[in-house]
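Per chain, numbering begins at 1; letters A, B, ... match sequence-line order.
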Amino acid sequence: MEVKTKNFKNVLLKWYKRNKREYSWRNDSDPWSIYLLEVISQQTQLSRADKYYKKFIKEFPAPKDMATSSLKKILEMWSGLGYNSRAKRMFESSKIIAEKSFDGLYPDFQQLPGVGPYTENALLSFVYNEKVITEDINVKRIISRYFGVKNPKKFIERFSSLLLKNTESRKLNQALMDFGSIICRPRNPLCLNCPLENSCKKYFNLETKSQEKFFGSNREVRGKLIKILLKKGRLNINTLQQELNTDQEKLDKIIKNLQKDGLVKLNKNNLIDINSS
DNA sequence: ATCCGGAAAT
DNA sequence: ATTTCCGGAT
């Protein structure tokens with residue numbers, strides 16, 4: 001398979017220079033800052049994540065500041081972001097980072113809970129300037145459409161070194177993500193204004209999984225449950241059931257999962273609270 | 001393959 | 001009313 005990347009990169013980087021989204025952490029290579037931003041921005045628009053990032057980096061300027069805090073405090077600050085397990089994993093990770101430091105963990109950041117392939121590569125690229133592609137949903141979409149491949153993951157495995165040759169990975173990765181957000185959008189991509197329109201394969205067959213409805217889902221109840229516990233503190237499980245207006249069986253399952261996630265604790269007297277251990 | 005929140009955009 | 005978001009764990 002022959003692949004031309006030179007024009008793709010040149011046009012992309014040129015576009016980026018004039019159109020990039022400006023954020024404070026983009027010119028930052030402090031690993032804790034990058035880590036916080038990346039965890040907060042998982043499945044979250046940057047415009048919204050940035051506000052939370054500022055709040056968190058101010059409250060927890062260093063890993064030890066979070067490590068010595070509490071889950072309740074962190075969940076309160078997290079409120080509105082969703083996927084509360086991220087906050088719990090971030091809390092646990094901060095303890096590990098405070099003890100071992102990022103340089104001590106390098107390059108295997110996936111040993112931190114909540115850090116997977118994407119976030120590891122984000123740290124490697126944005127902090128350590130390693131030649132890796134931060135393969136988020138934007139990058140996959142662009143690669144698939146432009147190069148006409150059904151499996152962008154395989155493509156990147158094969159051609160990442162070519163893509164990053166003579167190129168600062170931080171710059172290319174951020175260019176890809178902004179381009180995917182602004183021009184090569186999931187719906188109604190701006191092909192008419194796209195500087196890569198001529199050479200693009202325009203492969204739009206990347207199947208997207210439509211997600212379960214939020215209304216009436218376990219996710220909705222989980223979110224509400226956490227919110228109630230943060231507001232009212234330790235609560236009897238029957239009182240909680242009345243507040244949530246959920247049937248027993250469903251609530252039992254939800255609480256069981258929340259316990260498994262380490263977010264709540266249920267004692268023998270049927271009292272439930274945010275996990276403080 | 002499925003679960004996991006919630007706000008904003010469309 | 002539906003889709004989207006700089007994913008990760010099981």
Side-chain angles (χ1 to χ4, degrees), chain A residues 16 20-23 25-26 28 33-53 75-90 92-93 109-127 132-143 152-153 156 169-182 184-190 206-230 250 253-264:
Chain A
Y16 179 63
K20 66 173 167 182
R21 296 179 284 182
E22 297 283 359
Y23 292 108
W25 36 264
R26 282 208 153 156
D28 196 340
S33 302
I34 300 298
Y35 168 79
L36 276 185
L37 183 276
E38 292 300 337
V39 173
I40 291 169
S41 62
Q42 286 168 9
Q43 297 292 287
T44 305
Q45 284 90 347
L46 287 192
S47 53
R48 203 148 50 85
D50 190 52
K51 297 171 189 165
Y52 283 83
Y53 165 75
L75 284 175
E76 279 168 354
M77 291 177 62
W78 193 265
S79 178
L81 271 173
Y83 293 133
N84 290 305
S85 297
R86 283 189 292 162
K88 167 66 173 171
R89 290 169 188 148
M90 180 176 73
E92 297 309 317
S93 287
F109 297 117
Q110 291 195 44
Q111 60 189 289
L112 295 171
V115 173
Y118 166 79
T119 307
E120 175 171 83
N121 277 351
L123 283 166
L124 290 174
S125 174
F126 301 150
V127 177
V132 292
I133 296 288
T134 51
E135 195 182 327
D136 79 326
I137 188 66
N138 292 298
V139 177
K140 287 182 200 166
R141 187 173 59 250
I142 297 168
I143 295 291
K153 182 175 159 63
I156 291 170
S169 76
R170 170 204 294 254
K171 204 171 270 184
L172 184 68
N173 284 324
Q174 293 181 346
L176 282 165
M177 290 190 241
D178 282 2
F179 190 75
S181 173
I182 297 170
C184 200
R185 308 182 299 195
R187 280 183 302 176
N188 309 112
L190 304 181
L206 191 65
E207 65 263 21
T208 51
K209 48 191 176 187
S210 63
Q211 70 167 359
E212 147 202 33
K213 283 189 178 167
F214 179 64
F215 185 75
S217 67
N218 284 359
R219 293 162 58 181
E220 185 188 24
V221 180
R222 278 173 58 112
K224 283 182 179 170
L225 196 159
I226 295 293
K227 192 162 279 185
I228 290 172
L229 288 183
L230 287 176
K250 184 177 176 181
K253 188 182 172 186
I254 288 169
I255 290 176
K256 195 178 167 190
N257 284 331
L258 282 169
Q259 283 183 283
K260 199 165 64 181
D261 290 342
L263 286 167
V264 305

What are the bounds, 5' to 3', of the part of DNA chain C that sits under 4.0 Å from heavy atoms of chain A?
C:dT2 to C:dA9
Once you apply a heavy-atom cut-off of 4.0 Å, does A:Trp78 come out as touching a base, just sugar-phosphate, or nothing?
nothing
Here the distance between atom P of B:dC4 and atom CG of A:Leu258, to the nearest Å, is 9 Å
Residue set satisfying side chain to side chain donor-acceptor pair (under 3.5 Å) with A:Gln43, at least two apart, ordered chain then number -> none
Going by the rule side-chain contact (heavy atoms from CB on, under 4.5 Å), which residues pair with A:Ser79 if we only count those two or more places apart in sequence or in a different chain?
A:Lys227
Base, sugar-phosphate, or nothing for A:Arg141, non-hydrogen atoms under 4.0 angstrom?
sugar-phosphate
Stretch residues 115-122 of chain A: residues that reach within less than 4.0 Å of DNA chain C through a heavy atom:
A:Val115, A:Gly116, A:Pro117, A:Tyr118, A:Thr119
Could you check whether A:Arg89 gets within reach of a base, just the sugar-phosphate, or nothing at all, counting any heavy atom under 4.0 Å?
sugar-phosphate
How would you list, by chain and number, every residue that makes a salt bridge (Lys or Arg N to Asp or Glu O under 4.0 Å) with A:Glu76, sequence neighbours excluded?
none
Between A:Lys253 (NZ) and B:dC4 (C1'), how many Å, whole number?
12 Å
Where does DNA chain B form stems of at least three consecutive Watson-Crick or G-U wobble pairs, each pair having both distances below 3.5 Å?
B:1-4 with C:7-10, B:6-10 with C:1-5
Polar side-chain atom of A:Arg86 near backbone of A:Ile40 as donor-acceptor pair, under 3.5 Å
yes
For residues A:Ser33 and A:Asp28, is any side-chain donor paired with an opposing acceptor at under 3.5 Å?
yes
What distance, rounded to whole Å, do you find between the two P atoms, one in C:dG8 and one in B:dA8?
24 Å
Under the side-chain contact (heavy atoms from CB on, under 4.5 Å) rule, collect the residues that match up with A:Val221, sequence neighbours excluded.
A:Leu244, A:Thr246, A:Lys250, A:Ile254
A:Ser41: which residues meet the side-chain contact (heavy atoms from CB on, under 4.5 Å) condition with it, sequence neighbours left out?
A:Leu37, A:Glu38, A:Leu46, A:Ala49
Could you measure between the two P atoms, the one in B:dA7 and the one in C:dA9, and give it in whole Å?
24 Å
Is any side-chain heavy atom of A:Ile156 closer than 4.5 Å to a side-chain heavy atom of A:Ile143?
yes
C1' atom, B:dC4 versus C:dC5: distance in rounded Å?
14 Å
Could you go over nucleotides 6-10 of chain B and give all protein N or O partners under 3.5 Å, atom names and distances?
from	atom 1	to	atom 2	distance (Å)
B:dG6	N2	A:Arg48	NH2	2.5

Using the salt bridge (Lys or Arg N to Asp or Glu O under 4.0 Å) criterion, which residues pair with A:Asp261? Sequence neighbours excluded.
A:Arg222
Heavy atoms only, 4.0 Å cut-off, all strands: where does A:Asn218 land among base, sugar-phosphate and nothing?
sugar-phosphate
Would you call A:Glu220-A:Lys224 a salt bridge at under 4.0 Å N-O?
yes
Non-hydrogen side-chain atoms of A:Phe109 and A:Thr119 separated by less than 4.5 Å:
no
Under the salt bridge (Lys or Arg N to Asp or Glu O under 4.0 Å) test, which residues partner A:Arg21, sequence neighbours left out?
A:Asp178
So, using salt bridge (Lys or Arg N to Asp or Glu O under 4.0 Å) as the criterion, who are the partners of A:Lys20 when residues are at least two apart?
none
